[in-house]
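Okay, structure first, notes after.
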Amino acid sequence: MKTSTFGAVLALVTAFASADSIQLGSYQTGGSNLGNGNTAVAFVGGSTTTFALNPDGVWASAGANSFWVSNNAGSGPEGSVVEPNAVYSYTTTFTILFSNYTGSISILADDTTDVIFNGHMLDPEGNLGSDAHCATS
């Protein structure tokens with residue numbers, strides 16, 4: 001299994017009476033937050049640093065207010081680094097002020113991915129993509 005590159009376009013819009021909303025997206029550590037209300041996507045490993053990748057026409061565009069990100073600047077379609085097969089974890093955080101939010105999250109991943117939200121598995125590995133193909137959900 002290889003989940004070496006993570007890209008996400010995250011959108012969460014409220015149904016709260018005051019019409020509050022929060023925009024989430026995928027961006028690298030040290031980069032502009034692109035107007036998103038979440039922290040940069042960080043690698044869970046030796047270094048938390050992540051890098052923006054160019055999809056180079058091979059991968060789908062990351063979407064509005066997002067970049068494909070990886071723990072290695074040399075990975076991705078235009079890179080020369082092929083990460084070894086392993087589990088690679090990434091995290092981002094955001095804060096909401098009310099508990100009555102509804103919305104949707106779109107995930108793009110190279111190979112396959114889990115989606116875990118507040119410790120709850122939303123979509124287990126294997127439901128999205130495979131080790132042989134990229135996928136979106």
Side-chain angles (χ1 to χ4, degrees):
M1 175 176 56
K2 179 179 159 190
T3 52
S4 63
T5 309
F6 173 83
V9 180
L10 307 171
L12 183 63
V13 181
T14 70
F16 197 69
S18 65
D20 289 340
S21 64
I22 184 170
Q23 170 185 296
L24 307 174
S26 174
Y27 63 97
Q28 75 280 15
T29 55
S32 166
N33 73 1
L34 307 170
N36 295 311
N38 59 292
T39 61
V41 174
F43 178 61
V44 180
S47 169
T48 59
T49 302
T50 54
F51 304 90
L53 301 179
N54 181 349
D56 201 29
V58 177
W59 292 342
S61 296
N65 307 307
S66 291
F67 288 104
W68 283 94
V69 297
S70 176
N71 65 306
N72 189 312
S75 62
E78 66 179 14
S80 60
V81 174
V82 176
E83 295 282 354
N85 288 341
V87 174
Y88 295 81
S89 297
Y90 297 84
T91 186
T92 186
T93 60
F94 60 94
T95 302
I96 57 174
L97 301 177
F98 305 100
S99 62
N100 193 16
Y101 281 84
T102 62
S104 64
I105 298 174
S106 297
I107 304 293
L108 286 78
D110 176 25
D111 295 332
T112 188
T113 190
D114 288 332
V115 179
I116 302 169
F117 183 78
N118 281 349
H120 301 281
M121 180 73 67
L122 297 182
D123 200 11
E125 179 264 325
N127 283 349
L128 173 64
S130 70
D131 287 337
H133 297 93
C134 301
T136 61
S137 174

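Bear in mind that the values here come from a model prediction, so they are computed numbers and not experimental data. Scope of the values below: all heavy atoms of this structure, side chains included, with no hydrogens, waters or symmetry mates. Sequence positions, counted from 1, serve as the residue numbers for this chain.
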Requested in this report: Could I get the full list of side-chain contact (heavy atoms from CB on, under 4.5 Å) partners for Val58, not counting sequence neighbours?
Outcome: Pro77
Report task. Scan Leu108, Leu53, Asn54 and name whichever one has a side-chain contact (heavy atoms from CB on, under 4.5 Å) with Trp59. Result -> Leu53
Please check this pair: side chain of [X] against backbone of [Y], looking for a donor-acceptor N/O pair closer than 3.5 Å.
| X | Y | value |
| --- | --- | --- |
| Thr50 | Ala42 | no |
| Ser75 | Val81 | no |
| Ser26 | Phe67 | yes |

Query - Residues which pass side chain to side chain donor-acceptor pair (under 3.5 Å) with Thr49, listed by chain and number, not counting sequence neighbours - result: Ser47
Query raised in the report: Which atom pair, heavy atoms only, marks the closest approach of Val69 to Gln28?
Result: CG1-N, 3.6 Å
Report summary line: In terms of heavy-atom contacts, Pro55 and Ala60 come closest through CB-O, 3.9 Å
How far does [atom1] of [X] sit from [atom2] of [Y], to the nearest 0.5 angstrom?
| X | Y | atom1 | atom2 | answer |
| --- | --- | --- | --- | --- |
| Thr92 | Asn36 | OG1 | CG | 8.5 Å |
| Thr91 | Phe43 | OG1 | CZ | 12.0 Å |
| Asn33 | Gln23 | CG | CD | 9.0 Å |
| Asn38 | Thr93 | CG | OG1 | 7.5 Å |
| Thr39 | Leu24 | OG1 | CG | 9.5 Å |

Query raised in the report: Tell me, do Ser70 and Tyr90 make a side-chain contact under 4.5 Å, heavy atoms counted?
Result: yes
Query raised in the report: When hydrophobic residues are tied together by side-chain contacts of less than 4.5 Å, even through go-betweens, does Ile105 share a cluster with Phe94?
Result: yes
Query - same_hphob_cluster(Ile96, Val115) at 4.5 Å side-chain heavy-atom cutoff - result: yes
Requested in this report: Might you work through the side chain to side chain contact (heavy atoms under 4.5 Å, CB included) test for Thr113 and Ile107, ending with a clear yes or no?
Outcome: CA-CA 9 Å; Thr113 190; Ile107 304 293; 4.0 Å; yes
Query raised in the report: Distance only, no hydrogens: is a donor on one side chain within 3.5 Å (strictly under) of an acceptor on the other, for Tyr27 and Asn65?
Result: no
